[in-house]
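One structure is given below, encoded as structure tokens.
Both ligands and their constituent atoms are indexed starting at 1 by order of listing. Quantities reported herein were computed from a predicted structural model and do not represent experimental measurements.
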Amino acid sequence: MKTYDVLIVGGGHGGAAAALALRQKGFEGSVAIVTDELSPPYERPPLSKEYLAQEKTFDRILIRPESYWADRKVELVLGEPVVEVNAAHRQVQLWSTQRFGYGSLIWAAGGAPRRLACSGHDLPGVHSVRTREDVDAMMAELPGVESVVVIGGGYIGLEAAAVLRKFGKKVVVLEALDRVLARVAGEPLSRFYEAEHRAHGVDVRLGTTVDYIVERDGRAAGVRLADGEVLPAEMVVVGIGITPSVAPLIEAGAAGGNGVAVDGQCRTSLPHVYAIGDCALHRNTFAADAEIRLESVQNAADQAAVAVQAILGGTDVYRAVPWFWSNQYDLRLQTVGFSLGYDEVVVRGDPQNRAFTVVYLRQGRVIALDCVNSTKDYVQGKALVVGGLRVPANQLADASRPLKELAAECASPATG
Ligand code: FAD
């Protein structure tokens, strides 16, 4: 049985960042990444953007060229799910019956797309957007597709809808709630994106639930809605969130539920086992210390850095500012902070001009910004979020006043 000083489970953003950080910090011990995917680590965000749009080839979304990993003595074990963790013996069991030992284990297994619960959810023609294989399968079918129903009005569903419109497909987006992006953004942003998608020819249906996927000749042929209407579609794209991939850790006794619980240094409750990225349930300073999972490249990379320094004996705790982006049509959204629990929303600039910022406040302090085609606000607004600054709403709403000016004037650090 091989034993690695650091064994990383999952070769996505978090796993790759952890291996890179170990080598960058001069760690000379043995490192392996075990992943159930067949490809070396690649970037996931382009899957619903440039890769699906066929603007970037797979090579261009690799996190590092394949040879890089061998050059840095990071062993890649591809196509191998880890199915069991034995924390007492510091071993993992792979699907292929191989076992590996570890000094430290970094669990960076992300999540699996949630499936629809209705009949027809697994028919050919029904797709998720999580892996390269998912998107390759969509791309292979697209030439024969005229109509697509996208289920879920979150970022991934909306990004996919934008690309599919670019290909000239007829697109319907179904959202169960009364606005798109309802779980991640305030109403002004939701209404803006609804209007944009409609202006680009997408049929956005809100408050709409699915009864089942209609089958014809063994394939998806449409979606039947709860009100009985049938939307014809040769392709159905499902973007309704993920379930964190943590079963082997939870079965091994790790604390958690909707993710595996970690402390400020990404330690799970199991000795020598860390968890990072989409699957890590952590208390986040920028979410009023609520226990959350963050699904973003920023979180995966920054938690990887924290876990690695903890393994190397450091004491830093995770306090990184959350940031995220989304590209739809010619709109670049950049977010900073975490809007959970906001009690006031201010819009800076005019959404009609397609460049504006939504500022979120809690008890008078700025907690997050969503900046649409407004990189200046994104860059300058970070200080407001980091400082938890109190800025009067009327000043924030005045788009002629640069945010850095407001930050300088209002600097009065948050005390809680
Ligand atoms: P992942 O990158 O998902 O990596 C986990 C890996 O572990 C996967 O390869 C998985 O197959 C593997 N794995 C799972 N279980 C096992 C097991 N038992 N054994 C071995 N391997 C296993 N974030 C942004 O910040 N901006 C964006 O614009 C953005 N766009 C996105 C678009 C799409 C289509 C998707 C899917 C995600 C997007 N995200 C975006 C989110 C971002 O990609 C994730 O937050 C990030 O990839 C999380 O990294 P991770 O390492 O935690 O998980």
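- Checked for salt-bridge contact, D278 and R130 meet the test: a charged N lies under 4.0 Å from a carboxylate O.
- Under a 4.0 Å criterion applied to the non-hydrogen atoms of V34, ligand 1 contributes the atoms 20 (C), 21 (N).
- Given atom 3 (O) of ligand 1, the protein heavy atom at minimum distance is R130 NH2, 2.6 Å.
- Taking the side chain as every heavy atom from C-beta outward, V317 and V306 never approach each other to under 4.5 Å.
- The closest protein non-hydrogen atom to atom 19 (N) of ligand 1 is V82 N, 2.8 Å.
- The proximity of A300 to ligand 1, defined as any non-hydrogen pair under 4.0 Å, is limited to the side chain.
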Under 3.5 Å, sequence neighbours excluded: what are the donor-acceptor pairs made by side chains of residues 138-156?
| residue | atom | partner | partner atom | Å |
| --- | --- | --- | --- | --- |
| E141 | OE1 | H127 | NE2 | 2.9 |
| E141 | OE1 | R219 | NH2 | 3.2 |
| E141 | OE2 | H127 | NE2 | 3.3 |

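- Residues V135 and V129 have side chains in contact (heavy-atom distance under 4.5 Å, counting atoms from C-beta outward).
- Ion pair E37/R44 flagged as a salt bridge, since at least one NZ, NE, NH1 or NH2 atom sits closer than 4.0 Å to an Asp/Glu carboxylate oxygen.
- Between V297 and ligand 1, an N or O atom pair is found at a separation short of 3.5 Å.
- Within the set Y51, F324, W323, the minimum heavy-atom distance to atom 24 (C) of ligand 1 is found for F324.
- Remark: ligand 1 and V129 share no N or O pair separated by less than 3.5 Å (distance only, no angle test).
- Considering backbone and side-chain N/O atoms, Q298 never comes within less than 3.5 Å of an N/O atom of ligand 1.
- Considering only heavy atoms from C-beta on, P41 comes within 4.5 Å of L76 through its side chain.
- Heavy atoms of T131 found under 4.0 angstrom from ligand 1: none, in either backbone or side chain.
- The N/O atoms of L47, backbone and side chain alike, include none that comes under 3.5 Å of an N/O atom in ligand 1.
- Salt-bridge annotation for R205 and E229: present, with a side-chain N of the basic residue lying under 4.0 Å from a carboxylate O of the acidic one.
- Using a 4.0 Å cut-off between heavy atoms, Y155 makes no contact with ligand 1 at all.
- Among all non-hydrogen protein atoms, the one lying nearest atom 45 (O) of ligand 1 is D278 OD1, 2.6 Å.
- An N or O contact shorter than 3.5 Å is missing between S48 and ligand 1 by distance.
- Summarising the geometry, atom OG1 belonging to T268 is positioned 9.0 Å from atom CD1 belonging to I250; distances are rounded to the nearest 0.5 Å.
- Protein heavy atom nearest atom 7 (O) of ligand 1, with residue, atom name and distance: G10 CA, 3.2 Å.
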Pair R115-S128, side-chain hydrogen bond (donor to acceptor under 3.5 Å, both in side chains): steps then yes or no: CA-CA 8 Å; R115 309 273 166 203; S128 311; 3.1 Å; yes

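- Residue, atom and distance of the protein heavy atom nearest to atom 47 (O) of ligand 1 are H13 CD2, 3.2 Å.
- Screening residues 61-77 for salt bridge (charged side-chain N to carboxylate O under 4.0 Å, His left out), with sequence neighbours left out, gives K2-E75.
- At least one N or O atom of K49 sits closer than 3.5 Å to an N or O atom of ligand 1.
- Ligand-side atoms of ligand 1 in range of V9: 19 (N), 20 (C), range being under 4.0 angstrom from any heavy atom.
- Looking only at distances, a side-chain donor or acceptor of Q309 sits under 3.5 Å from a matching main-chain atom of T315.
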Assess whether side chain to side chain contact (heavy atoms under 4.5 Å, CB included) is satisfied between V308 and F27, documenting all intermediate values. CA-CA 10 Å; V308 162; F27 180 73; over 6 Å; no

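- For ligand 1, one of its N or O atoms has an N or O atom of D36 under 3.5 Å away.
- In terms of polar-atom proximity, W107 is not counted as a contact of ligand 1, lacking any N or O under 3.5 Å from an N or O of the ligand.
- Here the straight-line distance linking atom CZ of R132 with atom OH of Y42 works out to 8.0 Å at 0.5 Å rounding.
- The single protein non-hydrogen atom nearest to atom 9 (O) of ligand 1 is E37 OE2, 2.6 Å, given as residue, atom name and distance.
- Counting heavy atoms under 4.0 Å from ligand 1, residue I156 touches it through the side chain alone.
- In this structure, a donor-acceptor pair under 3.5 Å is absent between the side chains of Y318 and N284.
- Among protein heavy atoms, atom 31 (C) of ligand 1 sits closest to P45 CA, 3.5 Å.
- Within the 4.0 Å heavy-atom criterion, the part of E80 lying near ligand 1 is the backbone and not the side chain.
- Protein heavy atom nearest atom 50 (P) of ligand 1, with residue, atom name and distance: G14 N, 3.8 Å.
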